[in-house]
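Chain naming here is simple, since letters A, B, ... match the order of the sequence lines and numbering starts at 1 in each.
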Amino acid sequence: MTETTTAVPAPRAVPAAAPTGEDTGPAGGSDPQTPTAPELLTPEEAARALTDAPVRLTRGFLGLDPVTQNTALLARHIGDREIQVLRYGEALLGYTVNPLQPRQAHVATTSADPAPLDALLGFLADYQRATSFVAEVPEGTPVLPALESCGFTPCGVLPGHLFHSGRYREVLVLHTDREG
Amino acid sequence: MPLVTLRHFTEDDIPVRTALLREARFQANLNDLGVVTSDEALVARQRKAIAEEHDVKRHFTLCGPGGAIVGFAWISSIDWRSQCCELSFGVLPRFRGAFGAAAVAAAHAHIRAELNMRVVVNQVLEHNTMLVSAGELAERRAVRCPWDSYTVGEWRTACYWTDSEDDVRRRQSSIDRRRREIADRIRSGGRT
């Protein structure tokens with residue numbers, strides 16, 4: 001992937017105010033500095049952006065972990081797994097199409113604000129004909145409100161799916177549909 | 001905040017580590033590859049480690065207060081499934097006394113808490129008492145291997161041992177106990 005141009009249109013509905021607070025993470029979407037269109041990152045840019053973001057928001061982002069993987073390894077995984085990462089304001093969004101079900105996408109966000117994620121789902125519905133979306137988030141993730149606001153509902157728990165900070169962690173699996 | 005923290009080794013760190021590879025005691029205590037390898041080749045090896053070998057050989061930069069580089073650690077012979085690896089250190093000369101023990105602790109803590117390693121293999125050449133005293137080396141070694149390495153014109157004997165989680169816990173308890181005893185002695189004005 002070499003493109004650095006816009007791939008996702010601006011959100012169709014941006015809330016008047018982004019959530020604030022210590023643990024909500026980068027807002028994105030309603031910041032006055034937020035660009036009108038998300039920017040598609042190269043694997044190297046994506047790896048650097050994930051490394052620079054707060055670790056509480058990025059550990060487990062589509063199976064990546066900037067704490068244990070350096071930027072070169074992150075970039076390689078992003079490229080090998082055909083993960084697309086976009087920057088929207090301060091939020092990072094990611095998706096990868098399920099090769100066994102091409103109308104299903106695994107998605108991730110670093111923002112508790114639902115607007116950037118909603119824009120991504122809209123883009124994937126419009127341009128990838130995606131109708132099924134899956135997210136996997138580690139227990140205690142601050143981005144859960146964004147997923148819930150976008151219609152994701154929990155459909156399972158993977159016990160001991162991740163190990164970090166000295167113990168195995170549960171991963172919550174969420175799903176939503178957008179029929180096309 | 002721990003005295004020493006650990007982060008990924010980056011290209012910006014290469015000149016500092018290259019200088020360490022050229023340092024006399026590093027060469028005697030670990031390997032003297034730096035003597036016979038060109039600057040370009042040393043840089044290329046380290047770049048390759050960053051860009052291509054992170055799955056099999058992982059380098060870390062050890063930082064003191066304010067982010068100053070105090071040394072480097074690296075793990076090799078990584079067996080992810082068996083949760084076992086070999087851990088090596090190189091502390092910059094000016095920080096060896098002040099940060100050596102903290103650097104070792106930081107590296108052990110990271111590879112256990114974040115990389116989920118359960119068993120760490122240690123190798124120390126017997127003459128090297130910078131981080132482990134001669135007495136402790138004799139006590140902890142499981143294998144003493146003469147003629148193990150040839151560095152700076154001499155054959156070296158190596159000591160090998162493994163550290164399991166129980167070993168680390170026991171050693172940390174012992175360190176904590178010694179610290180408490182010293183603190184108690186200070187509080188009591190030296191009266192026992």
Side-chain angles (χ1 to χ4, degrees), chain A residues 1-2 22 41-83 85 92 110 136-142 158-171, chain B residues 2 5-14 17 43-63 67 72-76 78-85 87 105-120 164-166 168-169 172:
Chain A
M1 184 177 72
T2 54
E22 202 171 288
L41 306 180
T42 66
E44 291 72 26
E45 290 169 340
R48 173 55 57 196
L50 287 166
T51 300
D52 292 343
V55 295
R56 71 182 190 285
L57 303 170
T58 54
R59 300 199 85 172
F61 185 99
L62 293 173
L64 304 170
D65 184 358
V67 172
T68 60
Q69 296 164 327
N70 72 359
T71 51
L73 186 58
L74 287 171
R76 197 155 74 237
H77 283 319
I78 290 167
D80 289 349
R81 292 177 48 209
E82 298 184 10
I83 292 172
V85 179
L92 296 172
T110 61
E136 293 181 10
V137 290
E139 57 177 282
T141 177
L158 300 171
H161 194 61
L162 285 180
F163 183 93
H164 68 73
S165 306
R167 69 177 176 86
Y168 288 98
R169 311 273 169 173
E170 288 183 349
V171 166
Chain B
T5 55
L6 176 147
R7 61 170 171 78
H8 293 302
F9 179 61
T10 68
E11 292 213 359
D12 291 343
D13 302 327
I14 288 177
R17 190 167 181 275
V43 169
R45 283 170 66 107
Q46 293 173 86
R47 278 195 177 140
K48 186 176 181 194
I50 293 168
E52 299 174 28
E53 298 177 338
H54 204 59
D55 267 339
V56 294
K57 183 180 183 184
R58 205 160 277 204
H59 289 253
F60 305 104
T61 302
L62 299 160
C63 301
F72 302 94
W74 56 101
I75 57 173
S76 52
I78 304 171
D79 184 336
W80 295 104
R81 188 169 301 182
S82 300
Q83 296 171 279
C84 176
C85 67
L87 175 62
H108 271 280
H110 178 81
I111 64 175
R112 287 176 193 285
E114 304 300 351
L115 301 181
N116 203 7
M117 291 289 147
R118 299 296 175 91
V119 176
V120 175
S164 67
E165 284 186 87
D166 286 344
V168 171
R169 225 180 342 259
Q172 194 57 49

Chain A contact via B:H59 - side chain, backbone, both or neither, heavy atoms under 4.5 Å
neither
Residue part contacting chain A, namely of B:R58, when any heavy atom lies under 4.5 Å:
side chain
Would you sort out whether B:F9 and A:N70 count as a side-chain contact (heavy atoms from CB on, under 4.5 Å), showing the intermediate values?
CA-CA 8 Å; B:F9 179 61; A:N70 72 359; over 6 Å; no
Taking side chain as C-beta onward, heavy atoms only, is B:E114 less than 4.5 Å from A:D65?
no
Where do B:R112 and A:F163 come nearest, in terms of heavy atoms and distance?
O-CE2, 3.5 Å
Considering all heavy atoms of both residues, which atom of B:H54 and which atom of A:L73 are nearest to each other, and what is their separation?
CD2-CD2, 3.5 Å
Kindly say whether A:V67 contributes a backbone atom to a donor-acceptor pair with the side chain of B:H8 at under 3.5 angstrom?
yes
Please report the interatomic distance NE2(A:H164) to CG(B:L115), rounded to the nearest 0.5 Å.
13.0 Å
Should we count CZ of B:R7 as having more than 12 external heavy atoms under 6.0 Å?
yes
For the CD atom on A:E82, are there more than 12 heavy atoms of other groups (residues, nucleotides or ligands in this structure) within a distance under 6.0 Å?
no
